[in-house]
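Throughout, numbering of the chain's residues begins at 1 and tracks the sequence. Please read these numbers as outputs of a predicted model, since none were measured by experiment.
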Amino acid sequence: MDECIFCRIKRGDLPATVVHEDDHCLAFHDKFPRAPTHLLVIPKKHLPDLNALGEEDKALVSHIMLTIPSIARKQGLEAYRMATNIGAAAGQAVFHLHFHILGGGPLSPL
Ligand code: DGP
């Protein structure tokens with residue numbers, strides 16, 4: 001976990017443009033944006049991906065799902081896509097659960 005890029009951002013050891021922080025999650029701009037606005041929302045708790053969630057994380061997930069629309073609204077996003085990759089074959093490169101928020105312009109269809 002010491003080496004996890006997103007844990008390092010969470011601790012302030014790596015710079016990031018943070019747009020939201022609370023007790024449970026952090027949102028910041030993606031370093032390699034693939035949309036005019038590309039944010040990442042992470043739980044502060046280190047979880048490798050969605051599959052790692054347990055019953056004990058119900059409140060955390062609920063909090064993040066309720067926080068994402070608020071973050072998007074504050075960023076002026078009327079339309080946006082939220083996505084999470086699970087596993088390298090699906091494109092996951094950072095193994096700390098994160099939700100991409102993509103918007104600010106037309107998105108290609110999935
Ligand atoms: P994924 O492929 O779903 O694991 O997405 C990981 C995202 O993390 C990818 O869009 C690029 C972004 N990323 C990688 N390293 C950094 C970093 O050091 N800072 C920030 N802000 N984003 C990063």
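Between His96 and His46, the angle of the ring planes goes over 60°, which puts this pair in the perpendicular group of the 30/60° scheme.
Hydrophobic clustering, with ILVMFWY side chains joined whenever heavy atoms are under 4.5 angstrom apart, keeps Leu47 apart from Ile5. A chain of hydrophobic side-chain contacts below 4.5 Å, direct or via other Ile, Leu, Val, Met, Phe, Trp or Tyr residues, connects Leu97 to Ile71. Under a hydrophobic-cluster definition in which Ile, Leu, Val, Met, Phe, Trp and Tyr are linked whenever side-chain heavy atoms come within less than 4.5 Å, directly or via other members, Met65 and Leu77 are assigned to the same cluster. Both Val41 and Leu53 are part of a single hydrophobic cluster, where members link through side-chain heavy atoms under 4.5 Å apart. Under the 4.5 Å side-chain heavy-atom criterion for Ile, Leu, Val, Met, Phe, Trp and Tyr, Val19 and Leu26 are members of distinct hydrophobic clusters.
The shortest side-chain heavy-atom distance between Tyr80 and Leu39 does not fall under the 4.5 Å cut-off. A 4.5 Å side-chain heavy-atom check between Leu102 and Thr37 finds every atom pair outside the cut-off.
Taken from CG in Leu14 to CZ in Arg8, the straight-line distance is 4.0 Å, to the nearest 0.5 Å. Rounded to the nearest 0.5 angstrom, His98 NE2 and Phe28 CZ are separated by 8.5 Å.
His38 places a side-chain N or O within 3.5 Å of a backbone atom of Arg34 that can act as its donor or acceptor partner. The backbone N or O of Phe99 lies less than 3.5 Å from no partner atom in the side chain of Thr84, so there is not a single donor-acceptor pair. With Arg81 contributing its side chain and Ser108 its backbone, the two residues share a donor-acceptor pair below 3.5 Å. At least one donor-acceptor pair closer than 3.5 Å links the side chain of Gln92 to the backbone N or O of Val94.
With sequence neighbours excluded, no residue satisfies side-chain hydrogen bond (donor to acceptor under 3.5 Å, both in side chains) with Asn85.
What you find for Pro15 and Ile9 is that their closest heavy atoms are O-CG1, 4.4 Å. Residues Leu60 and Pro43 approach most closely at CD2-CB, 3.9 Å, considering heavy atoms. Across Gly103 and Ala35, no two heavy atoms sit closer than the pair O-CB, 3.8 Å.
With respect to His63, the side-chain contact (heavy atoms from CB on, under 4.5 Å) criterion is satisfied by exactly one of Thr67, Leu66, Val61: Thr67. Each of Ile64, Ile68, Ile42 was compared with Cys25 under the side-chain contact (heavy atoms from CB on, under 4.5 Å) criterion, and only Ile64 meets it.
The existence of a salt bridge linking Lys44 and Glu21 is confirmed by a sub-4.0 Å separation between a basic side-chain nitrogen and an acidic carboxylate oxygen.
Pairs of residues two or more places apart, or lying in two chains, that qualify as salt bridge (Lys or Arg N to Asp or Glu O under 4.0 Å) and include a residue from residues 51-72 are Lys45-Asp57, Glu55-Lys58.
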